[in-house]
There are 2 protein chains.
Amino acid sequence: MTGQVRTVDGRVAGRRGQATRQKLLDCLSEMLSSSPYRDVKVIDVARRAGTSPATFYQYFPDVEGAVLEIAERMAAESAGLAGLLEGRSWAGRAGWQTAQELVDGFLEFWRKNDAILRVVDLGAAEGDKRFSKLRTKILNSVNSSLAGSVAELQSKGRIDKDVNPAAIAGALVAMLAAVASHQKAASSWGVKQAELKPSLALLVHLGVTGRKPTK
Amino acid sequence: MTGQVRTVDGRVAGRRGQATRQKLLDCLSEMLSSSPYRDVKVIDVARRAGTSPATFYQYFPDVEGAVLEIAERMAAESAGLAGLLEGRSWAGRAGWQTAQELVDGFLEFWRKNDAILRVVDLGAAEGDKRFSKLRTKILNSVNSSLAGSVAELQSKGRIDKDVNPAAIAGALVAMLAAVASHQKAASSWGVKQAELKPSLALLVHLGVTGRKPTK
DNA sequence: ACTTGTCCTGTCATGCCGTCAGCTTACCGA
DNA sequence: TCGGTAAGCTGACGGCATGACAGGACAAGT
């Protein structure tokens with residue numbers, strides 16, 4: 001489907017090569033978690049992987065290229081986020097439950113991949129189309145599902161006809177992403193993790209249904 | 001008050017020195033707008049300012065240091081954001097107006113300073129305390145004001161007692177910031193600017209008052 | 001053992017980093 | 001007018017990262 005994995009100079013990578021490549025990606029991931037993106041150097045990644053910079057450049061055009069690779073893999077995993085909303089109801093207590101689980105799942109996913117998501121966010125904000133696309137892809141499963149729910153409730157008159165469901169959904173998802181990527185900061189600023197989640201769930205519920213949840 | 005401006009090696013900067021310093025800051029700002037943060041090099045900034053790298057290092061320890069300087073200046077300006085909420089009412093039509101103007105002002109501020117805010121966001125997300133503090137400072141004027149409104153309405157029973165006003169406010173502000181920094185991305189993903197603003201205002205109004213706005 | 005193709009690294013030219021000594025310029029008091 | 005002093009700037013340097021290449025090491029098949 002995706003074709004074989006290839007080196008920069010066109011050769012197809014064999015077993016050993018793929019293992020090395022993967023090791024480089026893993027080490028890059030670790031580096032991204034432990035040091036500022038700006039300071040991640042090819043030579044450090046290579047050293048950590050027990051190989052040389054030249055090897056790195058055989059598999060990736062540059063650091064950004066490797067980051068994209070990691071991000072794409074993660075984007076594939078992100079499809080699982082859609083499961084947080086599939087077949088869920090937004091009515092009554094079930095609605096509150098849905099909102100809570102969405103927030104939980106979302107924050108968890110973000111926490112698990114925070115290092116790489118930071119870089120994707122930055123790239124997207126800087127206007128790089130490849131990162132924007134990736135970010136859209138990651139958020140899209142949740143986003144479109146939420147938009148669908150909003151549209152449905154809109155047709156029942158709960159929400160004004162002139163709001164764009166996709167816009168509401170986009171704003172809510174952006175909120176979740178933003179809060180998730182500043183979780184640590186939030187705590188240092190007077191709000192605890194445990195207090196954050198219910199607030200987010202409340203806002204999601206309000207945004208989707210236009211009503212306060214019944215708990 | 002803050003003491004004189006000093007060079008890295010301890011000299012006090014005179015008129016000329018301060019001008020050079022400022023020029024370097026201006027050029028750095030431009031570079032941040034036009035190229036990825038990761039690729040901003042001291043030598044490019046210096047060249048653009050018509051000076052040499054050595055001069056840059058006379059005034060700033062490194063690129064990060066200069067960025068902090070720019071960000072601090074902007075943080076001071078951000079105090080003006082508080083004006084968007086001072087003395088405003090959240091009741092009835094005035095409430096809708098308040099929400100709209102908050103969204104407008106916020107997005108405008110962010111658009112004006114997007115390059116530097118991106119870097120601050122990244123630094124904060126990476127856990128750098130200096131950037132976190134700065135980000136908190138920028139958001140705090142709006143944040144605390146919103147939290148106050150929530151708390152007030154909470155005492156009137158509109159909102160559940162067990163939600164933390166600061167958490168709601170923080171989430172809303174984070175939403176605004178996130179959407180603002182991905183404004184371009186949003187349009188490429190099927191939602192137009194003009195449709196985004198009312199949605200954000202709606203969510204802000206819902207979050208603060210717990211009710212749909214009367215338009 | 002020989003061939004073939006994959007995989008890795010030594011090495012090199014280039015360019016940026018960050019620092020220093022030392023030069024030039026501006027200001028000031030005598 | 002003339003040093004003296006401090007501010008302001010830069011050339012130059014060792015060090016390191018980048019990115020390219022050629023060639024050696026290695027595994028697998030014949």
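Atoms considered below: every heavy atom in the structure, side chains included; atoms not considered: hydrogens, waters and symmetry mates.
- Considering all non-hydrogen atoms of both residues, G210(B) and L206(A) come closest at O-CD2, 4.3 Å.
- Where the helix from dA1(C)-dT30(D) to dA30(C)-dT1(D) starts and where it ends, the local axes point in directions that differ by 20°; five pairs per end, rounded to 10°.
- Below 30°, between 30° and 60°, or above 60°: for F106(B) and W110(B) the angle between ring planes is below 30°, a parallel geometry.
- Among the heavy atoms of the strands, none lies under 4.0 Å from R6(B).
- Taking both residues in full, the closest heavy atoms of L202(B) and P213(B) are given as CD1-CD, 3.4 Å, listed atom of the first, atom of the second, then distance.
- For the OP1/OP2 pair of dC9(D) and a distance below 4.0 Å, the side-chain nitrogens and oxygens of T20(B) include at least one atom meeting the criterion.
- In this structure, Y57(A) does not reach the dC21(D) phosphate: none of its side-chain N or O atoms is under 4.0 Å from OP1 or OP2.
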Would you tabulate the nitrogen or oxygen pairs shorter than 3.5 Å linking the protein to nucleotides 25-29 of chain D?
none

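- Between K41(B) and A54(A), it is A54(A) whose nearest contact on DNA chain C lies nearer the 5' terminus.
- Q18(A) and Q22(A) form no side-chain donor-acceptor contact under 3.5 Å, judged by distance and modelled atom types alone.
- The closest side-chain donor-acceptor pair between S149(A) and W90(A) falls under 3.5 angstrom.
- Under 4.0 angstrom from either OP1 or OP2 of dC7(C) there lies no side-chain N or O belonging to T55(A).
- At dG11(D), none of the side-chain N or O atoms of S52(B) fall inside 4.0 Å of OP1 or OP2 (strictly under the cut-off).
- A salt bridge links R47(A) with D44(A): the closest approach of a Lys/Arg side-chain nitrogen to an acidic carboxylate oxygen falls below 4.0 angstrom.
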